[in-house]
Amino acid sequence: MYNFALTTRIKSTGTFQEFADETELKDTDLILTNEFIYDPFIKPCRVKCQVLFQEKYGAGEPNDEMIDAIRKDIPENTKRVIAVGGGTVIDIAKVLTFTGDWKAEDIFMGRLTPEKTRGLIVVPTTCGTGSEVTNVTICELRQMKTKKGLALDSMYADLAVLIPEMVHTLPYKFFATSSIDAMIHAVESYVSPKAIPHSEAFSEKAIRMIVGGYQYVKENGRDSWTDKAENFLAASNLAGIAFGYAGCAAVHALSYPLGGTYHIPHGEANQLMFAAVFKKYKEKKAVGKINQLEAIFAEVLKVEPEKALEALYELMEVILERKALREYGIKEEELPVFTDSVIEGQQRLLRNNYVSLTRDDMLDIYRSCY
Ligand SMILES: NC(=O)c1ccc[n+]([C@@H]2O[C@H](COP(=O)([O-])OP(=O)(O)OC[C@H]3O[C@@H](n4cnc5c(N)ncnc54)[C@H](O)[C@@H]3O)[C@@H](O)[C@H]2O)c1
Ligand SMILES: [Fe+2]
């Protein structure tokens, strides 16, 4: 039995100006963005909204202290939050739709669910998270040294606007990390036990578009990714719809301590875990849904099904090199600590595993990446 809905309206415009004109931005709207996005794309449009720059509140992906500091600066009369940025800006904006005098840690730990009284419009500027269509927000909790995801239906954006020109300025490194994240959303949701034909259709289309784009980049060089920016942006949105329904799983769960403790960017941390998790899945349950996934990759990568996942790992490695965990300064004795923190804090994700993983399996996965 299932109940599939597309809660967020999705539209695409040619330019930010077009979006600003159609949306009638007002002085009760607050744009949360980065200055390097504001200057070329938003400033020339002379919109009347209030603006906050996320990077003024701290570097890197969201943490609870950053969100608390931004909340204090939000003008009282703000009626809509307009997020223009990558997953970092979008995930912060989702929490800022809550009014009141809350602390982010209480929200992420489920101790408090404040009232949502502001609208949310999202313009993604990376091609990865799909956060513009999910009810999920992810935050590093400084005290706990890990990342925590929170899913609340009140956090769906009212409108997601895909504007390909805004993605073009993304440096290669962040194209790579964010698109790898989208690929992993598509793959994890495809083999999730919660997958249904509708989410599978979104997963599969995203997989085909991203692999096609990666093959183009492999043949034409790193900078050529911008020729396919529109496809990567659409694919990350499709993957967002897929995992928004069927969920992400062990790859994301095991990556969170790496992001939370060593600040490895989300997509890069996922890439470090991806091949090892899928090798373990294959070892534990060689026959099952994973064979349908292999058939898709075999077709698009033009290899035999039994070689399809290896071919995928190789292609992903061309896009973003996979380093050993030790190269990030991670200590071997931390691996059991990471494993226990995943078991304790990431059950929301582990529930969606293709096959269930024991503590020893997870520790093995970390060790094989060390
Ligand atoms: N809510 C969800 O459903 C969901 C899903 C996956 C990931 N996430 C979260 O999203 C975050 C990662 O997001 P991301 O991969 O989009 O990266 P990001 O938002 O952290 O951006 C990466 C870097 O690129 C810069 N940048 C963004 N857009 C740019 C542009 N157009 N031009 C130039 N520079 C630009 C950013 O300032 C940053 O320095 C993580 O915190 C992750 O946990 C959330
Ligand atoms: Fe992700």
Side-chain angles (χ1 to χ4, degrees), residues 8 16 32-42 53-64 66-67 83-95 108 120 122-141 146-152 155-157 160 163-189 226 229 232-233 236-237 239-245 247-256 258-260 263-271 273-274 320 348-349:
T8 302
F16 190 86
L32 181 71
T33 188
N34 299 115
E35 198 160 8
F36 55 82
I37 292 171
Y38 180 80
D39 281 346
F41 295 111
I42 306 176
F53 297 130
Q54 170 267 325
E55 69 272 29
K56 299 256 149 74
Y57 297 85
E61 296 180 349
N63 64 61
D64 52 333
M66 197 190 272
I67 296 178
V84 187
T88 293
V89 163
I90 303 171
D91 281 9
I92 295 171
K94 284 180 171 176
V95 190
F108 280 90
L120 178 64
V122 175
V123 182
T125 66
T126 61
C127 44
T129 70
S131 182
E132 68 277 7
V133 284
T134 71
N135 65 350
V136 178
T137 176
I138 300 164
C139 178
E140 176 200 338
L141 299 177
T146 192
K147 297 182 81 164
K148 188 98 182 143
L150 175 75
L152 284 177
M155 285 189 308
Y156 279 115
I163 311 176
E165 69 162 15
M166 314 231 17
V167 179
H168 278 255
T169 50
L170 199 56
Y172 177 85
K173 163 85 197 267
F174 292 115
F175 151 70
T177 54
S178 66
S179 62
I180 292 270
D181 186 28
M183 169 72 98
I184 294 173
H185 293 157
V187 172
E188 287 212 284
S189 58
T226 50
F232 281 112
L233 183 61
S236 69
N237 189 261
I241 296 169
F243 92 83
Y245 184 84
C248 284
V251 179
H252 274 72
L254 290 165
S255 83
Y256 282 162
L258 310 179
H263 298 110
I264 303 171
H266 176 76
E268 185 172 341
N270 276 336
Q271 161 90 324
M273 294 292 109
F274 179 66
L320 181 68
R348 178 184 76 92
L349 294 165

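When a ligand or atom number is given, it counts from 1 through the structure's own listing order. Predicted, not measured: the structure shown is a model, and the values here were computed from it.
Ring orientation note: the planes of Tyr38 and Phe53 are nearly perpendicular, at an angle over 60° on the 30°/60° scale.
Between the side chain of Asp91 and the backbone N or O of Ile138, at least one donor-acceptor pair lies under 3.5 Å. A donor-acceptor distance shorter than 3.5 angstrom exists from the side chain of Lys94 to the backbone of Ser131, with no hydrogens or angles considered. Formation of a donor-acceptor pair under 3.5 Å by the Ser236 side chain with backbone atoms of Ala182 is not found in this model. Between the side chain of Glu188 and the backbone N or O of Ala249, at least one donor-acceptor pair lies under 3.5 Å. Remark: side-chain polar atoms of Gln271 are not paired, donor with acceptor, to backbone N or O of Ile180 under 3.5 angstrom.
Taking the side chain as every heavy atom from C-beta outward, Ser189 and Tyr245 never approach each other to under 4.5 Å. For the pair Phe274 and Val187, the minimum side-chain heavy-atom distance is below 4.5 Å. At a threshold of 4.5 Å between non-hydrogen side-chain atoms, the residues Val123 and Ile163 count as touching. Residues Leu170 and Thr125 have side chains not in contact (no heavy-atom distance under 4.5 Å, counting atoms from C-beta outward). Counting only heavy atoms from C-beta outward, the side chains of Asn270 and His252 approach each other to under 4.5 Å.
Of the protein's non-hydrogen atoms, Thr169 O, 3.3 Å is the one closest to atom 33 (C) of ligand 1. Taking atom 34 (N) of ligand 1 as the reference point, the nearest protein heavy-atom neighbour is Phe36 CE1, 3.1 Å. Nearest non-hydrogen protein atom to atom 16 (O) of ligand 1 is Thr126 OG1, 2.6 Å. Looking from atom 31 (N) of ligand 1 to the surrounding protein, the closest heavy atom is Met166 O, 2.8 Å. For atom 28 (N) of ligand 1, the nearest protein heavy atom (residue, atom name, distance) is Thr125 OG1, 2.7 Å. Protein heavy atom at the shortest distance from atom 5 (C) of ligand 1 is Thr129 O, 3.4 Å. Looking from atom 42 (C) of ligand 1 to the surrounding protein, the closest heavy atom is His266 CG, 3.4 Å. Among protein heavy atoms, atom 29 (C) of ligand 1 sits closest to Leu170 CD1, 3.4 Å.
Counting heavy atoms only, Val136 comes closest to atom 1 (N) of ligand 1 of the residues Val167, Leu150, Val136. Scanning Glu55, Glu165, Glu61 for the heavy atom closest to atom 12 (C) of ligand 1 points to Glu61. Closest heavy-atom approach to atom 6 (C) of ligand 1 among the candidates Thr177, Val133, Asp181, Ile90: Asp181.
Close contacts of ligand 1 with Gly87, meaning ligand atoms under 4.0 Å from a residue heavy atom, involve 10 (O), 11 (C), 13 (O), 14 (P), 16 (O), 19 (O). Close approach to Thr134 involves these atoms of ligand 1, each under 4.0 Å from a residue heavy atom: 1 (N), 2 (C), 3 (O). For ligand 1, the atoms closer than 4.0 angstrom to any heavy atom of Phe174 are 22 (C), 23 (C), 24 (O). Distances below 4.0 Å separate heavy atoms of Phe243 from the following atoms of ligand 1: 3 (O), 5 (C). The contact set between ligand 1 and His185, taken as ligand atoms under 4.0 Å from a residue heavy atom, comprises 5 (C), 6 (C). Distances below 4.0 Å separate heavy atoms of Lys147 from the following atoms of ligand 1: 40 (C), 41 (O), 42 (C), 43 (O). Near Ile138, the atoms of ligand 1 lying under 4.0 angstrom from a non-hydrogen atom of the residue are 4 (C), 8 (N), 43 (O), 44 (C). Near Ser178, with a cut-off below 4.0 Å to any heavy atom, the atoms of ligand 1 are 15 (O).
Atom-to-atom distance recorded for Thr177:OG1 and Asp181:CG is 8.0 Å, nearest 0.5 angstrom. Considering CZ of Phe41 and CG of Asn34, their distance stands at 12.0 Å, rounded to 0.5 Å. A distance of 12.5 Å separates NE2 in His185 from CG in Asn237, rounded to the nearest 0.5 Å. Note that CE of Met183 is 8.5 Å distant from CZ of Phe232, once rounded to the nearest 0.5 Å.
Proximity of atom 38 (C) of ligand 1 to the protein is not indicated, since no non-hydrogen protein atom lies closer than 4.0 angstrom.
Here the N, O or S atom of Asp181 that is nearest to the Fe ion (ligand 2) is OD1.
The Fe ion (ligand 2) has no N, O or S atom of Cys248 closer than 2.8 Å.
In this structure, Gly240 has no heavy atom closer than 4.0 Å to ligand 1. In this structure, His252 falls outside the shell of residues with a heavy atom less than 4.0 angstrom from ligand 1. Residue Pro62 places a heavy atom less than 4.0 Å from ligand 1.
The parts of Thr88 lying near ligand 1 are both backbone and side chain, judged by heavy-atom distances below 4.0 Å. Residue contacts with ligand 1 for Pro265 are absent, since no atom lies close enough (heavy atoms, distance under 4.0 Å).
Put simply, the residue from Gln54, Lys56, Glu55 that forms a side-chain contact (heavy atoms from CB on, under 4.5 Å) with Met66 is Gln54.
With the Fe ion (ligand 2) as the vertex, atom NE2 of His185 and atom NE2 of His252 span an angle of 100° (nearest 10 degrees).
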